[in-house]
Amino acid sequence: MSRAFDKTRRIFKRRRGIGAMKLLMVGAGLSGAVLARELAVAGHQITVIDQRGHIAGNCHTERDAETGVLVHVYGPHIFHTDDAQVWNYVQRFSSFKPYLNRVKTTAQGAVFSLPINLHTINQFYGRTMTPDEARAFIDAQADKTITDPQTFEEQALRFVGPDLYEAFFKGYTMKQWGCSPRELPASILKRLPVRFNYDDNYFAHKFQGMPEDGYTPLVARILDHPAIDVHLNTAFTPDLAARHDHVFWSGALDGYFGNRLGRLGYRTLDFKRSVGHGDVQGCAVMNYGDTDVPWTRITEHKHFSPWEVHEGTVCYHEYARACDEGDIPYYPIRLVQEKALLSDYITLAKATGGVTFVGRLGTYRYLDMDVTIREALDTVETFSAALAAGQTPPVFAVNPL
Ligand code: UDP
């Protein structure tokens, strides 16, 4: 245990009774909110700060002023999980409406169903194959020389072959990530299934849905606890940290250190808003696989809340680009050079006391919402166990590498 931490802990034991600490949560997204809530329930006093003017981080939702449509301000967020505990957890703070993500893609002059399924395959090849026939057909195109796919491209060529890869993945991925799929890890493509039936549900998870009034009210209810104080438009300062016993940091890992060792690579997104009447594209998300279309996808937000009725409609064209200073980081890139820099930041972080790095940005990983919540719950357990054992709280509750 670091001496500074030991001293503050002893002071607070005296001031507020055994175990009660004054904790600073940097970031009011899902990680910050769940940690704040559970640590407040455990008896600690929590200050939550966020530099933006709203809670809920990148799952923030708000009503579009012109159309009244509920908008996923930072892009599509659909809740899906196999984790019953996480599913039950979010139900406590919002009613959820059943929602299945059915994504389409426009590529090579036609519209196809995603994720790649029997309908996609039959339509793409102009065939009427059965599941077994399609499996054999795709298998014949797969590159069997690739036994252990490491890159995105190898994964695609091994499992769907060159035609489907070129049409649906190559162009989209180059636009999304700004590099060749040969440079990206196979894990990105492993997020998407390939199905030899007509199931076009984008996710295979047991529990799927959408919070009825959006993610921001859900996060607001998580944060609604007498031991939690939330301060928006508030930047982190060392002074603020000094007034607390421990910091949980859900901002960018490199940002905590003022990018001292260099900047970790992220992709950011730009959105171009447009409004219309009725139904403009007929689905919530339309991807665009061709490189001559500059956007990656168009989201028509009203389709995320099919239980609501709105005359107007609002669409966001989504464009991905490199994240510069001052941009909002969305996707950690994690190419080879970033992994090396990440490793250096981990070493630096482990030599720093009084802070725990959490969430997508704090651990520099591509996390879905359910995993973020699961890790936040687990981090509270780890933190509490460390305190109970008189040990220093962990700098990382999960291994970011
Ligand atoms: N992807 C693709 N074509 C698509 C959809 C996805 O090539 O039409 C690739 C792309 O590299 C993307 C990854 O698969 O980053 C994961 O897709 P997902 O839909 O999970 O992305 P998210 O919604 O998290 O941006």
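We count ligands from 1, going down the list as the structure has it; atoms in each ligand are counted the same way.
Ring pair His301/His72 is tilted by interplanar angle, where 30° to 60° counts as tilted. Classified by interplanar angle (parallel below 30°, tilted 30° to 60°, perpendicular above 60°), the ring pair Tyr319/His317 is parallel.
For ligand 1, the protein residues placed under 4.0 Å by at least one non-hydrogen atom are Leu114, Phe152, Phe168, Phe169, Tyr172, Thr173, Gln176, Trp177, Ile188, Arg191, Leu192, Tyr202, Asn287, Arg297, Tyr331, Tyr366.
Between Arg334 and Glu338 there is no salt bridge, since none of the side-chain N atoms of the basic residue sits less than 4.0 Å from a carboxylate O of the acidic one.
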Point to revise | Lys175 vs Glu318, salt bridge (charged side-chain N to carboxylate O under 4.0 Å, His left out): CA-CA, chis, key distance, verdict | key: CA-CA 11 Å; Lys175 290 188 285 185; Glu318 186 172 323; over 6 Å; no

Point to revise | Trace of the salt bridge (charged side-chain N to carboxylate O under 4.0 Å, His left out) decision for Asp368 with Arg191 | key: CA-CA 10 Å; Asp368 286 331; Arg191 292 172 57 83; 3.2 Å; yes

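The side-chain tip of Arg52 points at the ring of Tyr74 from less than 6.0 angstrom away and within 45° of straight on.
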